[in-house]
Amino acid sequence: MNGPAESARTTGDAHRLAELLAGASVTHPSTDHTVTVTVAPGNTVTSIELQHQARRHTAAELGELIVETLRAAHSRINDELSASAREWGPMAEDALAAVLGKPSSAATASAIPDPPGLDELAAGVDESEGWDDLTPEEWDFIRRHGMEDELHAAREGFAKLQRDAEQRMAAYAGVQEQMAGQSATATTPDGAIEVTVQNGVGVTRIDISDRILRHGPSRVGPMVLATIQQATANLALGMAGIAQAYVGSQMDMRGLVERYQPDDDTQ
């Protein structure tokens, strides 16, 4: 059991980590300085700016360049955050890994926390465990006191507990598998920009129509950003739908996510 000093240190690290994440931001340019992006933890994109030399690129090249610059920016901010957390010890590193979607010794990338104890329960509960080890004297005691029904009910209860645990574990594994590869797409009303984002990865594809470049690079950046944000919102709603199947009627996952979604101006 952790003592007061250890608990205080852990609490202090948690506060420092929260402050670090809240204020973390990286602004990163492309190699040719055509694209400049600003990102925050968790594959969040807060700004995209295109310089006038963006006209030298085709629309397809520009989309690929933005994706490439975003990946570099996210990698940079993750490295900087990891370096800071490393100074505070393994617990801070594991907490950060969970936020960033990286596996670690004590944290895994998952949108739903592991159900407590279900794996041990499913593996450890045996319908016949303990009952077959009763001695003749113990069985005689049970019969003489009319406890057969209670014993049978207990055995059935343990068997049901094991079946329920196994079903929950199977459902949870299915949720994890579906979420791991979940992606979503958003498109501007005129179809000029289309963005795809993937859970745990971020932006994987940006398609830009040549005609959109006529608006000028300074206007294209914010339009791409808005489409990324809508695709991210679509992803969150899709994952909420998957999670809903796991939690059932206990919680309105989609409703919770919808409360924090931006207005749909891109579709």
Find out whether Ile212 and Ile193 are in side-chain contact, i.e. whether some heavy atom of one side chain is under 4.5 Å from a heavy atom of the other. yes
Kindly indicate whether the side chain of Asp79, heavy atoms from C-beta on, has any atom under 4.5 Å from the side chain of Leu81. no
Roughly how far, to the nearest 0.5 Å, is OG1 of Thr34 from CG of Leu50? 8.5 Å
Any heavy-atom pair between the side chains of His74 and Val45 that's under 4.5 Å? yes
Working to the nearest 0.5 Å, report the span between OG of Ser183 and CG of Asn199. 9.5 Å
Student check: side-chain heavy atoms of Val67 and Glu64 closer than 4.5 Å: no
If we only count heavy atoms from C-beta on, is the Val224 to Ile206 side-chain gap below 4.5 Å? yes
Given Arg71 and Val201, is the side-chain contact (heavy atoms from CB on, under 4.5 Å) satisfied, shown in steps? CA-CA 9 Å; Arg71 287 175 180 167; Val201 177; 5.6 Å; no
Check whether any side-chain heavy atom of Val35 sits under 4.5 Å from a side-chain heavy atom of Leu62, and report yes or no. yes
Give, for atom CG of Leu65 and atom CG of Leu70, the distance between the pair rounded to the nearest 0.5 Å. 9.5 Å
Test item: Pro217 and Arg55 side chains (from C-beta on) under 4.5 Å apart, heavy atoms: yes
Hey, is Glu194 close enough to Arg205 for a salt bridge, meaning N to O under 4.0 Å? yes
Please report the closest heavy-atom contact between Gly202 and Asn43, naming both atoms and the distance. N-ND2, 3.8 Å
Between Val37 and Ala73, which heavy-atom pair has the shortest distance, and what is it? CG2-CB, 3.7 Å
Spacing of Met239 atom CE and Asn234 atom CG [to the nearest 0.5 Å]: 13.0 Å
Thr232 OG1 to Gln198 CD distance, which is reported to the nearest 0.5 Å: 12.5 Å
Separation of His52 NE2 from Ser218 OG (nearest 0.5 Å): 12.0 Å
Least distance between heavy atoms, Thr69 atom then Pro29 atom: CG2-C, 3.8 Å
Side chains of Val39 and His28, heavy atoms from C-beta outward: is any pair under 4.5 Å? no
With side-chain hydrogen bond (donor to acceptor under 3.5 Å, both in side chains) as the criterion, how do Thr196 and Thr185 come out once you've worked through the C-alpha distance, each side chain's angles and the decisive distance to 0.1 Å? CA-CA 4 Å; Thr196 299; Thr185 298; 3.0 Å; yes
What do the steps show when you test Val26 against Glu80 for side-chain contact (heavy atoms from CB on, under 4.5 Å), and what is the final call? CA-CA 9 Å; Val26 160; Glu80 291 180 5; 3.6 Å; yes
Heavy atoms only: give me the nearest Ala186-Thr227 pair and the separation to one decimal. O-CG2, 3.4 Å
Thr38 to Ser25 - nearest heavy-atom pair and separation: CG2-OG, 3.3 Å
Shortest non-hydrogen separation from Ile48 to Ile66 and the atoms involved: CD1-CG2, 4.2 Å
